[in-house]
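By convention in this document, chain letters (A, B, ...) are assigned in the order of the sequence lines, proteins followed by strands, and residues within each chain are numbered from 1. Computation of the quantities below employed the complete heavy-atom set of this structure, encompassing side-chain atoms and omitting hydrogens, waters and symmetry-equivalent molecules.
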Number of protein chains: 2
Amino acid sequence: MKVEELHAKVGYRLSGRAQRYTEVRRSIVERLSRSGRPLTVPEILSSAKSVPLSSAYRNLTVLLEAGVVRRVAGTDDQGRFELAEDIAGHHHHLVCEGCGTVDDVPSSTRLESVMDEAARLAAEEQGYDVWSHRFDLIGLCRQCQG
Amino acid sequence: MKVEELHAKVGYRLSGRAQRYTEVRRSIVERLSRSGRPLTVPEILSSAKSVPLSSAYRNLTVLLEAGVVRRVAGTDDQGRFELAEDIAGHHHHLVCEGCGTVDDVPSSTRLESVMDEAARLAAEEQGYDVWSHRFDLIGLCRQCQG
DNA sequence: CTCAGTGCAAAGGATTTGCATGCCG
DNA sequence: CGGCATGCAAATCCTTTGCACTGAG
């Protein structure tokens, strides 16, 4: 997705909630868009120094509510954020148990269809209303294998 | 798995690390064993009142290091714990975005084989050493659908 | 003018750690 | 006895909130 298209989409969703698409928010969205993986708040701010943590969290909350970003859980308790699926596309994660980093991995249609089937079955059995799934691979990234 | 067998297994792993299988640890393991889902620390303690949070966390850390329990991430930032896979068996999770509860779901051999294949491919491509995966279904539990 | 956005500082909540004591092996 | 285990309290870490101020529409 082109950057202009990305910003247009995000701006549209924010305006629909009477919220502005400010410079800080733009930079957060762009940072997430450029990174091929979910980022922690400090990582997001590493490019936009001088922005206080509280502002970052507040903006992320707004973007979260607007359905622009999504929170991702790793193995540590550090929160990570990525663009929503309908913007970044559906994918899976490689979670490193060494350093906690999470990388993106594309999915495959075959895998998706099997998972959807599994979701339907599980949902029926336990009365859940399932609308999404997450498939994460747990292991060690290249750096942590040393 | 029978309770005696469970305790024998856990006790063995702890003794291998020069650590005792105390009453509190037994109660934690039994609580997790009985529950069909990952529990938060307060939930674990609900049956063993009078045990301080710090002790629970310390014991969970020991059990974590001994490979007896595993930490599970939901959608909220509340940590949840369950028995390790080789004790509780491999399964998946139903995560409720409403209340944060996580329920267990059994897996299927077909699903597993497809996932293992996916894991191999992803691992090769990005240089990860993958040894496990997690497949979680996200939605709303029966209670939260009202 | 008005209301959302921003900074700074303080508050919160979950989890960890220091230290002295208790207890099993 | 020696070392792990435990309680309590204080400390941390990440995240959220209160409040006053700035700024865009």
Side-chain angles (χ1 to χ4, degrees), chain A residues 7 10-31 38-66 68-82 99-102, chain B residues 7 10-29 32 38-46 48-66 68-82 99-102:
Chain A
H7 284 316
V10 174
Y12 179 71
R13 293 199 191 173
L14 285 177
S15 65
R17 304 176 67 91
Q19 278 151 344
R20 299 173 200 147
Y21 196 19
T22 60
E23 204 45 44
V24 173
R25 292 178 186 173
R26 264 170 207 278
S27 72
I28 291 176
V29 168
E30 252 179 64
R31 181 90 172 79
L39 300 177
T40 63
V41 172
E43 282 173 337
I44 293 173
L45 289 187
S46 66
S47 63
K49 312 273 192 194
S50 83
V51 174
L53 283 175
S54 63
S55 287
Y57 279 111
R58 237 188 304 236
N59 282 314
L60 280 169
T61 302
V62 170
L63 293 170
L64 225 31
E65 287 168 350
V68 175
V69 309
R70 189 165 75 130
R71 198 190 204 109
V72 175
T75 49
D76 51 13
D77 42 30
Q78 185 114 259
R80 284 156 213 276
F81 298 84
E82 67 179 7
C99 57
T101 301
V102 181
Chain B
H7 284 317
V10 174
Y12 178 71
R13 293 201 191 171
L14 285 177
S15 66
R17 304 176 67 89
Q19 278 150 344
R20 298 170 200 150
Y21 196 18
T22 61
E23 204 44 45
V24 174
R25 291 178 187 174
R26 264 171 207 277
S27 72
I28 290 176
V29 168
L32 291 178
L39 300 177
T40 63
V41 171
E43 282 174 337
I44 293 173
L45 289 186
S46 66
K49 312 273 190 191
S50 83
V51 173
L53 283 174
S54 64
S55 287
Y57 280 111
R58 237 187 305 234
N59 281 315
L60 280 169
T61 302
V62 170
L63 292 171
L64 226 31
E65 287 168 351
V68 175
V69 308
R70 189 166 75 131
R71 199 190 205 111
V72 175
T75 49
D76 50 12
D77 42 30
Q78 184 116 252
R80 283 156 213 276
F81 299 85
E82 67 178 8
C99 57
T101 301
V102 181

S.K.: For the atom pair CG (A/N59) and CG (A/L64), what is the distance rounded to the nearest 0.5 Å?
M.R.: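 One gets 11.5 Å once the value is rounded to the nearest 0.5 Å.
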S.K.: Can you check the B/E65 CD to C/dT16 C1' distance for me, whole Å?
M.R.: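 Rounded to whole Å, this separation is 13 Å.
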S.K.: Give a yes/no on whether any side-chain N or O of B/N59 is located under 4.0 angstrom from OP1 or OP2 of D/dA5.
M.R.: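 It does not, given that no N or O in the side chain of B/N59 lies less than 4.0 Å from OP1 or OP2 of D/dA5.
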S.K.: From B/L32 CG over to B/L63 CG, what is the distance, rounded to the nearest 0.5 angstrom?
M.R.: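 Separation between the atoms: 8.5 Å.
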S.K.: Please name all residues satisfying side chain to side chain donor-acceptor pair (under 3.5 Å) with A/Q19, sequence neighbours left out, ordered by chain then number.
M.R.: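 A/Q19: no side chain to side chain donor-acceptor pair (under 3.5 Å) contacts found.
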S.K.: For C/dA4, does OP1 or OP2 lie under 4.0 Å from any side-chain N or O of A/Q19?
M.R.: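 So the side chain of A/Q19 is outside the cut-off, no N or O lying under 4.0 Å from OP1 or OP2 of C/dA4.
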S.K.: Looking only at heavy atoms, what is the nearest atom pair of B/A66 and B/L14, with distance?
M.R.: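 Between these two residues, the closest heavy atoms are CB-CD2, 3.9 Å.
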S.K.: Between the protein and nucleotides 7-12 of chain C, which nitrogen or oxygen pairs come in under 3.5 angstrom?
M.R.:
{"unit_1": "C/dG7", "atom_1": "OP2", "unit_2": "A/S55", "atom_2": "OG", "d": "2.7"}
{"unit_1": "C/dG7", "atom_1": "N7", "unit_2": "A/R58", "atom_2": "NH2", "d": "3.4"}
{"unit_1": "C/dG7", "atom_1": "O6", "unit_2": "A/R58", "atom_2": "NH2", "d": "2.7"}
{"unit_1": "C/dC8", "atom_1": "N4", "unit_2": "A/S54", "atom_2": "OG", "d": "3.3"}
{"unit_1": "C/dC8", "atom_1": "N4", "unit_2": "A/R58", "atom_2": "NH2", "d": "3.3"}

S.K.: What protein N or O atoms touch nucleotides 23-25 of chain D N or O atoms at under 3.5 angstrom, if any, and at what distances?
M.R.:
none

S.K.: Of all residues at least two apart in sequence or in a different chain, which pass the ring-ring contact (aromatic ring centres under 6.0 Å, His included) check with B/F81?
M.R.: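 For B/F81, no residue satisfies ring-ring contact (aromatic ring centres under 6.0 Å, His included) once neighbours in sequence are set aside.
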S.K.: For A/L60 and D/dC14, what is the distance between atoms CG and P respectively, to the nearest whole Å?
M.R.: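 To the nearest whole Å, that distance equals 15 Å.
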S.K.: Would you mind reading off the distance between B/D76 atom CG and D/dC14 atom P, rounded to a whole angstrom?
M.R.: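 Rounded to whole Å, this separation is 18 Å.
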S.K.: Nearest 0.5 Å, please: how far is CG in A/L45 from OG in A/S47?
M.R.: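 That separation rounds to 7.5 Å.
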S.K.: Filter on salt bridge (Lys or Arg N to Asp or Glu O under 4.0 Å), then keep only pairs touching residues 13-31 of chain A, sequence neighbours left out; what's left?
M.R.: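 Passing the test, one end in residues 13-31 of chain A: A/R13-A/D86, A/E30-A/R34.
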S.K.: Starting at CZ of B/R17 and ending at P of D/dA5, how long is that distance when rounded to a whole Å?
M.R.: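 Going from B/R17 (CZ) to D/dA5 (P), I get 11 Å.
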S.K.: Do B/I28 and B/V51 have side chains that approach each other closer than 4.5 Å (heavy atoms only, starting at C-beta)?
M.R.: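 Not in contact.
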S.K.: Can you check the B/L53 CG to D/dA9 P distance for me, whole Å?
M.R.: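 Whole-Å distance recorded here is 13 Å.
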S.K.: Check side chain to side chain contact (heavy atoms under 4.5 Å, CB included) between B/T40 and all other residues, then give those that pass, not counting sequence neighbours.
M.R.: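 B/T40: side chain to side chain contact (heavy atoms under 4.5 Å, CB included) contacts with B/P42, B/E43, B/Q78, B/R80.
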S.K.: Rounded to whole Å, please give me the gap between OH in B/Y21 and C1' in C/dG25.
M.R.: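 In whole Å, C/dG25 C1' lies 19 Å from B/Y21 OH.
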S.K.: Roughly, in whole Å, what's the span from CG in B/L39 to P in C/dA14?
M.R.: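 So the CG-P distance, B/L39 to C/dA14, works out to 16 Å.
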S.K.: What integer distance in Å separates B/I44:CD1 from C/dA14:C1'?
M.R.: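 Answer to the nearest Å: 14 Å.
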